[in-house]
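Some notes on the structure that comes next.
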Amino acid sequence: MSAVTSMPPVAPQERGRTAEQATRLAVLWVPDWPVVAAVTEGLAEAHLPVALHDGRGLVAVSAQARAEGVRRGMRRRTAQGVCPELVLVAADEGRDVRAFEPVMQALEEVAPDVLLLRPGVAVLPARGPVRYLGSEAALAELLVGAAAEVGAEAQVGLADGVLAAMLAAREQVHVPPGRSAEFLARRDVRDLVHVTTTRDSRARLVELVDLFRRLGLATLGDVARLRPAHVGPRFGALGLQAHRLAQGLDAQPPQVRRAEPDITVQADLDPPAHRVDAAAFAARRLAEELQTSMLRRGVVCARLRVHARTEDGGSLERSWRLDGGALTAAELTDRVRWQLEGWLSGRNGQRPSAPLTFLELAAEEVSPAAAVSDGLWGRHGRGQAQAGRAALRVQGLIGADAVLAPVLQGGRSPRDRVRLVAWGDEPVALRDPRAPWPGQIPSPLPATVPATPVPARVLDDDGTPVVVADRGVLHGMPARVEVHRRRYEVTGWAGPWPVHERWWAGGRPRTYVQVVCGEIALLLAGEGDSWWVEGVYD
């Protein structure tokens, strides 16, 4: 059974500084659950390196594969080159849900109101069970033990707010009440993606996180210190949710008015359904009816409850957490179908004792649709999926390394601060962009950086070439710049900034100068009497 540690207790006078209190949550997390599900289904052996792929790249990697250098986001061919023994399995969300159903049923034997965040992650309010059991450690021990009884090695964390609880589960710690903001403050802003429940919501949040980082908000503490009045107009509803999560609060503020009533649709199954396909047919009709009802009322839901009854009076129920709430009928149908597969597959003796005769779908935690944003740039829809497939097709025609994507990283010059990786490979920076870089070219940075430096000449008022002398000192004042036989008059310039990198490996000193030439501005690099264009400003 996994050990659990706690953070130091908070001083009594430090409690209650925030007027709003987040919900105390316990999160159970099973590492690499898609891999565990594939092993459970007999598609791979547990002792071998395993990775799951979705056609574009790897979406989940086992610990053995990570030890060999395989990472999420890699293309299959690249991963097999790194680890020839790698076992590749196609990703299947239905399989993940079906395999996790015994774990959910085991958790419900310990505490009520267990919510499925996504396969491999379950969350539940902690205050009630803790009062009954006496301590948070006892609750964590029971949850881990319940998962272990059905063959899952889980970790549990407790904290205020879902993001803090998710990260606490990954570290197996208990964050004392009132300390979630402190627990989150120094963490990378990219940790926000851990609260997502679908690939679409993850993609939207990745866009927001990328924008935060480009604006210099590298940690959750940086985001938490922003003023809500500035966050909403700039980043929308998704940004406000991220801001609250970074503060250790719930994603949505407490309701100060009566919430919208739940929406429920139901159907009697006649004849009773004992196969998944028959139940899924009825589920699709109900999902379409539920989505139509929400559209007609102009609302979305944050929670979907699936309830079924069997011919002998048995009852089955499961709740799903939804990101954003505005799901299509097909997406709602997928969740219901996966749940029915989990119930009707009968794993670990949990198969219903009789066919299903009744099915009900309920949209809970309903709110006006205007309060929910699809993200800064809209939902990831069909067009983006087609663009991804097109990029893969082009790779197949002209080579894997001919289609590249940029990744921001650390460096001094604009060229050094961007790394190009093959499309489909994991976008990992080789140098930490948050590290100090003495001599770094100051902002603003050029909007366009040529693939190869463009030769140039820099002349003074007399037409004499400007020369870079020792220690980056300029002999002459830039007055004209000649590029591709075109002459530009310099109306203003800044610098120089001498840079001498990797001198121990033969690196030569360079000097950078920013020049304004009428309607364009250039970043020039010089060495002796040789100059070249490193970037063009908008």
Side-chain angles (χ1 to χ4, degrees), residues 1-3 27-107 116-122 143-157 166 169-172 194 197-199 202 276 334 337-351 392 400 422 424-426 428:
M1 189 172 297
S2 302
V27 168
L28 179 135
W29 172 60
V30 183
D32 305 322
W33 177 256
V35 175
V36 176
V39 173
T40 303
E41 294 276 343
L43 301 177
E45 297 183 20
H47 67 280
L48 295 176
V50 181
L52 274 69
H53 66 89
D54 62 356
R56 291 197 316 172
L58 305 188
V59 297
V61 178
S62 68
Q64 295 91 328
R66 284 195 296 272
E68 297 293 332
V70 180
R71 295 293 182 266
R72 283 184 58 177
M74 280 185 174
R75 291 178 293 111
R76 286 178 290 175
R77 287 175 295 176
T78 302
Q80 288 177 316
V82 172
C83 179
E85 300 82 15
L86 184 67
V87 178
L88 290 171
V89 180
D92 184 348
E93 292 183 87
R95 178 181 64 225
D96 299 343
V97 175
R98 186 169 59 246
F100 198 63
E101 178 59 23
V103 180
M104 290 295 295
Q105 294 178 357
L107 298 180
L116 179 61
L117 200 64
R118 62 175 180 267
V121 181
L143 292 175
V144 172
E149 289 180 359
V150 292
E153 297 183 5
Q155 299 177 189
V156 172
M166 288 281 294
R170 290 173 171 268
E171 297 185 8
Q172 294 182 269
H194 292 309
T197 63
T198 64
R199 293 181 187 177
R202 180 184 179 91
V276 172
D334 282 341
R337 177 174 54 82
W338 296 337
Q339 191 56 63
L340 294 174
E341 286 179 352
W343 283 332
L344 295 176
S345 64
R347 293 190 172 279
N348 296 338
Q350 299 292 340
R351 185 184 180 90
L392 292 175
D425 278 358
E426 188 174 10
V428 176

Under the 3.5 angstrom rule, does the side chain of R76 hit a backbone N or O of G57 as a donor-acceptor pair? no
Taking all non-hydrogen atoms of both residues, which atom of R98 and which atom of P102 are closest, and how far apart? O-CD, 3.7 Å
4.5 Å side-chain heavy-atom contact, Q80 and L88: yes
Minimum heavy-atom distance between A99 and A37, given as atom pair plus value: CB-CB, 3.8 Å
Check whether W33 reaches the backbone of V121 with its side chain - one donor and one acceptor, N or O, closer than 3.5 Å. no
In terms of heavy-atom contacts, L58 and R71 come closest through CD1-O, 3.8 Å
Counting only N and O atoms by type, is there a donor-acceptor contact under 3.5 Å from the side chain of D32 to the main-chain atoms of V35? no
Over all heavy atoms of both residues, which pair between A152 and V30 is shortest? Give the atoms and the distance, please. CB-CG2, 4.3 Å
To the closest 0.5 Å, what do you measure between CZ (R75) and NE2 (H53)? 14.0 Å
Rounded to the nearest 0.5 Å, what separation is found between the CG atom of D96 and the CG atom of L52? 7.0 Å
Could you go through the side-chain contact (heavy atoms from CB on, under 4.5 Å) check for R95 and V89 one step at a time? CA-CA 12 Å; R95 178 181 64 225; V89 180; 3.9 Å; yes
Does any non-hydrogen side-chain atom of V150 lie less than 4.5 Å from one of Q105? no
Any donor-acceptor pair under 3.5 Å linking the side chain of R66 with the backbone of V61? yes
For the student: nearest non-hydrogen atoms of P84 and G81, plus distance: CD-O, 4.4 Å
How close do A106 and A146 get, counting heavy atoms only, and between which atoms? CB-O, 3.6 Å
Would you mind reporting whether V27 and H194 have side-chain heavy atoms less than 4.5 Å apart? no
Side chains of E68 and Q64: is there a donor and an acceptor less than 3.5 Å apart? no
Any non-hydrogen side-chain atom of M166 less than 4.5 Å from a side-chain atom of L117? yes
Residues that E85 engages under side chain to side chain donor-acceptor pair (under 3.5 Å), provided they are two or more places apart: none
If you define the side chain from C-beta out and look only at heavy atoms, does anything of V144 sit under 4.5 Å from Q172? no
Say whether, by atom type as modelled, one donor and one acceptor occur between the side chain of R72 and the main chain of V59 under 3.5 angstrom. yes
